[in-house]
Every structure is written in structure tokens, then in C-alpha cells.
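Numbers restart at 1 for each chain; the letters A, B, ... are given by sequence-line order, proteins then strands.
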There are 2 protein chains.
Amino acid sequence: MNTFLSYNVYRSNCPARVFFETLANKWVLLLMNALEHEPQHFNLLKKNIEGISPKVLSQTLKNLERDGFIKRTVMDTRPVRVEYSLTPFGEDFSKTTYLIKNWAEKNIDRVLSAQQIYDAEQFK
Amino acid sequence: MNTFLSYNVYRSNCPARVFFETLANKWVLLLMNALEHEPQHFNLLKKNIEGISPKVLSQTLKNLERDGFIKRTVMDTRPVRVEYSLTPFGEDFSKTTYLIKNWAEKNIDRVLSAQQIYDAEQFK
DNA sequence: CAGAATCCTTTTGGATACTG
DNA sequence: CAGTATCCAAAAGGATTCTG
């Protein structure tokens, strides 16, 4: 069945690598975080995640649904409303994505000053 | 100085968002993990991270050095050897990147079966 | 060995208009 | 409202060759 003794993201055609590459995407990570603990509708997500186009939002949601992270619920209203929420599996993963988001927000100041120092050094 | 009351990755021109987008990259994440606890030379990294080209490896290393994650040490030998290692700041971040890598390797089986179920459902 | 340079392919994404 | 479709621009990446 599976020819890999164990999964390894460093191997270019390991399934874990392929999957890992789909996760290493800004829209995926932002979306997972945006949905943490609060289901949202399509247009709300589009508004909350600044800069995402309907096309990209749509395809990213579809992929995450396929991977089992997101549940798509069509509301029986006119006009139709569609609610996106995390599955328990998605909730689990979002704990990890949150850490990256959080780390970035917490450490950006330090990165910015490292960049300034580096750039000044190059200029000399 | 800084016009942002607080950093927020959901705002498209917040510095934290810009930085976050540089992190949401497969080569960055793989590289950070590859260097965890073991400094390596250029060609060793190239060998260990399957599929990375010298061009991409070089530019990714340079960016990570600029951000303060990586230290580049030129060895005084012939021919020259260059050692890449994580800074303490990089070590800290690598703890987070490790969690993603680890999560992917641990949960890939579940994702693969979710995909199969989803695809079968679409086919009906 | 470490990496720069070049050129070219592929992927990703953005804008916009349109539909059930 | 929740998308899809189209077309196009931009960015990322790959292969290869070359040099100090």
C-alpha cells in the first residue's frame, strides 16, 4: 500500500511533503486562523482577510474542505447563505497555525530591527 | 513611527502580514527545520532538502539571515566552507516550524483518507 | 565548495464581470 | 449571497552553466 517506511517532508515525493507544501501557504494559514472558534460566511471571510480575491478564497476553502479541515453548511434561506466552520480535525490543526500567526505578531519588531541592521551593514 | 496600534496579520499592509507571508513558504519552513540543532553547509542542505535548487536555497538563506534567524559563518579553508546555523532567535522560531512539520507527518494519513472520501463523494 | 547569473517555465494570484 | 469564468500580470521556481 504505502511504500514509505515513515513519512518525511524532506523527501520530494513523500505524501507528507506534498501535503506540507499545501499548508505552507499564506491563504491557508490565514483562513484557518480566521475560522478558529467562529464560523463565517463567504463574504465575511472575504472582508476579514484583507486582499483575498473571491477566486482564491473559493479555491482555498474547497481544498481545505477536501482535506477534512472545514465543513461547508448551506443554509436554507433566500438568498442562500453558506457557513464555513472548522471540523474538530481542523480545530486541532488551527492550534498549530495559531502559533505561527502569534509568533509573527509577537516578533515582528525584532525582525524589523534585524533587517535594518543587516541592510545598514550591506550598505557600508 | 509606527502607525499600527497593534500588529494584525489580517490587514493587508500591516508589517506583520508582510512578514507572515514570507514565513508561509515551504522552503523557509523546511530550511528552519533542517537547521534545528545542526549547522550545515550549503551543499549538505541542498542534498537534505530534496528538490531545492541552488538559486532558491541561496536566496532563502539570505532572507533568513536578514531576518535574524540564521548565522552564516565562512570557514577559513581551501576551498571555502560556509556553515549555516540558527541564531537563538532562529532556534526559537524553529520550535514553531517544527510543530507544523510534525503535525503534517503525524496527520497525513487522516488527510489522505479524507481526500478519498471527498473525491468519491464528488464522483457520485 | 559556495554561490551568482541567466533564461525560461510554471504557478499563483488579481481584477472584473457575470449567474443561480 | 455565494460563488464561477475568464483573462491577464506577477511572482516563484527550475535547469543549467559558470566562477572565485
Passes salt bridge (Lys or Arg N to Asp or Glu O under 4.0 Å), B:Glu21 versus A:Lys26? Steps please. CA-CA 6 Å; B:Glu21 293 185 2; A:Lys26 63 180 172 185; 3.3 Å; yes
May I ask you to decide if B:Val56's main-chain N or O and B:Ser53's side chain share a donor-acceptor pair within less than 3.5 Å? yes
Provide, to the nearest angstrom, the distance between the CG atom belonging to A:Leu44 and the P atom belonging to D:dA2. 9 Å
Given C:dA4, C:dT16, C:dG13, identify the nucleotide with an atom nearest to the side chain of B:Pro54. C:dA4
Whether the side chain of A:Ser12 engages the backbone of B:Gly51 through a donor-acceptor N/O pair (distance < 3.5 Å, no angle test) should be reported. no
Nearest heavy-atom contact between A:Arg11 and A:Arg17 is O-CB, 3.2 Å
Starting from P on C:dG3, measure out to CD1 on B:Ile52 and report it in whole angstrom. 13 Å
Residue met sooner reading DNA chain C from 5', once A:Gln59 and B:Asn43 are mapped to nucleotides: B:Asn43
Report yes if a side-chain nitrogen or oxygen of A:Tyr84 is closer than 4.0 Å to either non-bridging phosphate oxygen (OP1 or OP2) of D:dC1; otherwise report no. no
Separation of C:dA4 C1' from B:Leu57 CG (nearest whole Å): 13 Å
Within the structure, does a side-chain N or O atom of A:Ser58 lie under 4.0 Å from either OP1 or OP2 of D:dT4? yes
Judged by atom type as modelled, is there a donor-acceptor pair below 3.5 Å linking the side chain of A:Asn33 to the main-chain atoms of A:Tyr98? yes
Residues within residues 25-42 of chain B bordering DNA chain D, heavy-atom distance below 4.0 Å: B:Asn25, B:Trp27
Output yes when a side-chain donor or acceptor of B:Asn107 lies under 3.5 Å from a complementary backbone atom of B:Arg110, and no otherwise. no
Of the listed nucleotides C:dA4, C:dG14, D:dG14, the one nearest the side chain of A:Lys55: C:dG14
Hey, is the main chain of A:Glu91 close enough, under 3.5 Å, to the side chain of A:Glu36 for a donor-acceptor pair? no
Does a side-chain heavy-atom distance below 4.5 Å link B:Leu31 with B:Leu57? yes
Between atom CD in A:Glu21 and atom P in C:dT10, what is the gap in whole Å? 17 Å
Give the rounded distance in Å between these two atoms: CG of B:Leu45 and P of C:dC1. 14 Å
Angle between terminal axes - the helix from C:dC1-D:dG20 to C:dG20-D:dC1, 5 pairs each end, rounded to 10°: 50°
Can you tell me if A:Gln40 uses its side chain to pair, donor with acceptor, with the backbone of A:Ala34 under 3.5 Å? yes
For B:Trp103 and A:Tyr7, I'd like to know if the aromatic rings sit close, meaning centre-to-centre distance below 6.0 Å. no
Parallel, tilted or perpendicular for B:Phe93 and B:Phe69, by the 30°/60° rule? parallel
Rounded distance in Å - CG (B:Leu23) to P (D:dA12): 14 Å
Which of residues 61-81 of chain B have a heavy atom under 4.0 Å from DNA chain C? B:Lys62, B:Arg72, B:Pro79, B:Val80, B:Arg81
